[in-house]
Amino acid sequence: MDIQRPRGTRDFLFEEMKERREIENTLRRVFETYGYGEIKTPLFEDLALFTKKSGEEITGQIYHFQDKSGRELALRPELTAPVSRLYINELQKSPKPLKMYYFGSCFRYERPQKGRYRQFWQMGCELIGGKSPESEAEIIAMAAHSLEELGVKDFEIHIGNLGIIRGILHQANAPKIVYDTIMAVIDKGEVEELLKTLNEVEIDPKASEILIKLVGMVGQREIIKETSEIIKDNPKSVEALNELDELLDILEAFGFTNYKVNLGIARGLDYYSGIVFEIYAQGLGAQKQISGGGTYNLIEIFGGEKVESTGFAFGFDRLVECVRLCGEEKTHHKTVDVYVAPVSKDVKLKAIEIAQKFRKDGIKTEVDLVGRKLKKILNQANNLQVDYVILVGERDLKEGKVTVKNMESGEQELVEIESVTQMMIDLLK
Ligand code: HAM
């Protein structure tokens, strides 16, 4: 067949889906213990939702199209803008803060490589309203807690505050329009390019020097002191740095100390307004950023009132890879525990009946439906790694019994049909 999967997309088979579902369920459980409730938004939205803050340039990275009525639509590249839209449409009157989480696929027109896809999944949380260092710390703590629950140990949380750099740009009278350009260059992490851009937009050389120093500030909490020296003449930046310091106290109270202060974090998306953070996992190579988030004010940009919010999203696919790398011995997941094997055609219906009884009692069961020979059934049961095979034979049935075969020991036992379901439940406990 000539038709292939579109570039940057993947198919997922049974094992992988099971693994993904388990990770999804763990995250759900953690998010819900912090009082977050699940929401879902459409896969496509008005293109304007994503260009309003970021400008038309972003369309290069977005899958967008016109529908049959000429509406400009886009497959969502992320979920924070859709959640902010949902809030404006549905929840403006609800008491805040609102705690929501989501799981869904996103689409970005990027050059595919390991860990970077055109369709990928995000699982994240948004805390709408009630911005405070406490809520910001809770968001970061929840992301870290999720990783712990998944058994991921080797990760680093990098935290910064965009207010520090913005304070410098503000004092240097940089026009608002160049903020995003400068942030985008900082996000790339290339100092040479940053210097060039700062020269081009004619930022005061003293401010440029401070900015170059700031973006290189990455380290333990001590660098806060060093930073406060660098920015001491800028009240806005000092305020932002103090805010960051306070957040770190709270994060430590939540029990997380494996963070680094990183003032060079700019985040690729330009709706952030204050605290920002990224989580990096070891072993994933270039695509090691498994999560990103921060504080933003999209709702006001979309025409709502000023509601400062904070949130984050896991790149779910990278997270799955990371869990896989951290996992001990890869456990093989069985699809079923029991195989019901009719010994002849005449007992097929009875075998189906028994299998159905098992399933109703929650036992994962396979039953032969295609009249395989017993030897083949046992082979298949072995391949599926089932624990027990139930042999349904004519002679046993006449006595109201079936044979239970333990696939590990090979032992067989004749059991009353009446009690075989309970026996299986007890054995599989
Ligand atoms: P983001 O950093 O653009 O933030 O994406 C979040 C995560 O999605 C990244 O850390 C990364 O793991 C993953 N990711 C991004 N692009 C790809 C891709 N092409 N393939 C695979 N994984 C990818 C956001 O999207 C924000 N909405 C996060 C947020 C929520 N901020 C506040 N609330």
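Heavy atoms only: backbone and side chains are in, while hydrogens, waters and symmetry mates are out. FYI, the numbering just counts along the sequence from 1.
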Close side-chain approach of I168 and L214, heavy atoms under 4.5 Å: yes

More than 12 heavy atoms from other groups under 6.0 Å of CD on E305: yes

Of all pairs that satisfy salt bridge (charged side-chain N to carboxylate O under 4.0 Å, His left out), the ones with a partner from residues 382-392, not counting sequence neighbours: K334-D387

side-chain hydrogen bond (donor to acceptor under 3.5 Å, both in side chains) contacts in which one or both residues fall within residues 418-429, not counting sequence neighbours: Q422-D426

Those residues that, when tested against R108, pass side chain to side chain donor-acceptor pair (under 3.5 Å) (two or more places apart): none

Basic-acidic side-chain contact under 4.0 Å: R71, D46: no

Minimum-distance pair of heavy atoms, taken over all atoms of S273 and Y296: OG-CA, 3.6 Å

Whether F65 and F44 hold their rings parallel, tilted or perpendicular, with breakpoints at 30° and 60°: perpendicular

Side-chain ion pair, R324 and E19, N-O less than 4.0 Å: yes

Lys/Arg-Asp/Glu bridge criterion (N-O < 4.0 Å) met for D317, R10: yes

Pair E72-Q66, side-chain donor/acceptor within less than 3.5 Å: yes

N-O pairing of E300 and K306 below 4.0 Å: no

E138 bridged to K99 by N-O distance under 4.0 Å: yes

Distance-only side-chain donor-acceptor flag, Y259 / Q220, under 3.5 Å: no

Test side-chain hydrogen bond (donor to acceptor under 3.5 Å, both in side chains) applied to T403 and D396, step by step: CA-CA 8 Å; T403 299; D396 291 349; 2.8 Å; yes

Salt-bridge criterion met for R221 and D245 (N-O under 4.0 Å): yes

Salt bridge present between R21 and E24 (N-O < 4.0 angstrom): yes

